[in-house]
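Let me begin by presenting the structure, written as structure tokens, before commenting on it.
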Amino acid sequence: MRTIRTIPELREHLAEHRRAGRSVGLVPTMGFFHQGHLALMAAARENTDVVVVSLFVNPTQFGPAEDLDAYPRDEARDASLAEGVGVDVLFAPDRAEVYPAGFATSVTVAGITEVLCGDPRRRGAAHFSGVTQVVAKLFNIVGPDVAFFGQKDAQQALVVRRMAADLNFPVRIEVLPTIREADGLAMSSRNSYLSADERQQATALSRGLDAAEAAFVGGERSAEALVRVASEVLDNADIDIEYVELRAVEDLSELRTVDVPGLLAMAARVGRTRLIDNRILETHLPEVGRADTAGTQQNGTRP
Ligand code: PAF
């Protein structure tokens, strides 16, 4: 594996592969790798010829209340983990390489960035503008055929997909399932901030999603009721809820009844650590199951 720090060197290196007709996969990251990152890299390895992983803690997506300097970093460990899953290039630019003096361009997706994590009462849409700004740059720098993102950051994946479509980036966006610890906690670089007690408390996020999913499979379709089921689990674990909301997977519009695929998304603070998680609630599968069990559909005909 080669570590490259400058844009011209990376472009020159990838140009050779392109001339040879090889496809390029990109896994954008902020480092401090866990199994979730490694699963994205493994998927890139399997599906593309040349795997580039970017490692850049992007300052423009951190809010004033978030501590950019405290974000966990360990490039040597990351490099060895990436090499272990067959990554070809670790692109690890410094801040001035990405944002040189005079840099003045923003990239903003409207609408879907203004709810959930982007709600002005929370992180605000500026967070996602920081993400789209750096991802747009990475797409232009690397020119990937396929880029890989995790479902844990469901809203981010949706925003990146929208940006790529709107700005005609010739890239396919692959979103891969959330990788979890054995007790259900979604893997995140931020889990390293948790004390032993907080680590235990943090399992409430996935337990809340499980409980809501069980209610959904049992036939509950009211968004309010499903949100209440999940919130109660967080409340019982004494976790400070930022939000628990159920929105349409497609465009994050509000849902009262889950009659289209829904995204049950949550953000909560465990101690001082902000964690997010989500679950997709699909309408059709359980409905088919219920119709089978009942033997008829609502209009009385066989399914
Ligand atoms: O998900 C992340 O780690 C970051 O938001 C990303 C996509 C690498 C952009 O900085």
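Note that ligands are numbered from 1 as they come in the structure, with each ligand's atoms numbered from 1 the same way.
- With ligand atoms numbered from 1 in the order given, ligand 1 contributes 8 (C) to contacts under 4.0 Å with heavy atoms of Pro28.
- Only the backbone of Thr29 comes within 4.0 Å of ligand 1, counting heavy atoms alone; no side-chain atom from C-beta on gets that close.
- Of all protein heavy atoms, the one lying nearest to atom 4 (C) of ligand 1 is Gln61 NE2, 3.6 Å.
- At least one cation-pi condition fails for Arg123 and Phe62: the charged atom is not both under 6.0 angstrom from the six-membered ring centre and inside a 45 degree cone around its axis.
- Regarding atom 7 (C) of ligand 1, its nearest protein heavy-atom neighbour is Gln156 NE2, 3.4 Å.
- Which parts of ligand 1 touch Val134 is read off a 4.0 Å heavy-atom cut-off, strictly below it: atoms 9 (C), 10 (O).
- In this structure, Arg279 pairs ionically with Asp210, as a charged nitrogen and a carboxylate oxygen lie closer than 4.0 Å.
- Nearest heavy atom pair, residue Leu194 against residue Leu275, reads CD1-CD1, 4.3 Å.
- Considering backbone and side-chain N/O of Asn58, none are found under 3.5 Å from N/O of ligand 1.
- Classified by interplanar angle (parallel below 30°, tilted 30° to 60°, perpendicular above 60°), the ring pair His37/His34 is tilted.
- Relative orientation of the Phe56 and Tyr99 rings is tilted, given thresholds of 30° and 60° on the angle between their planes.
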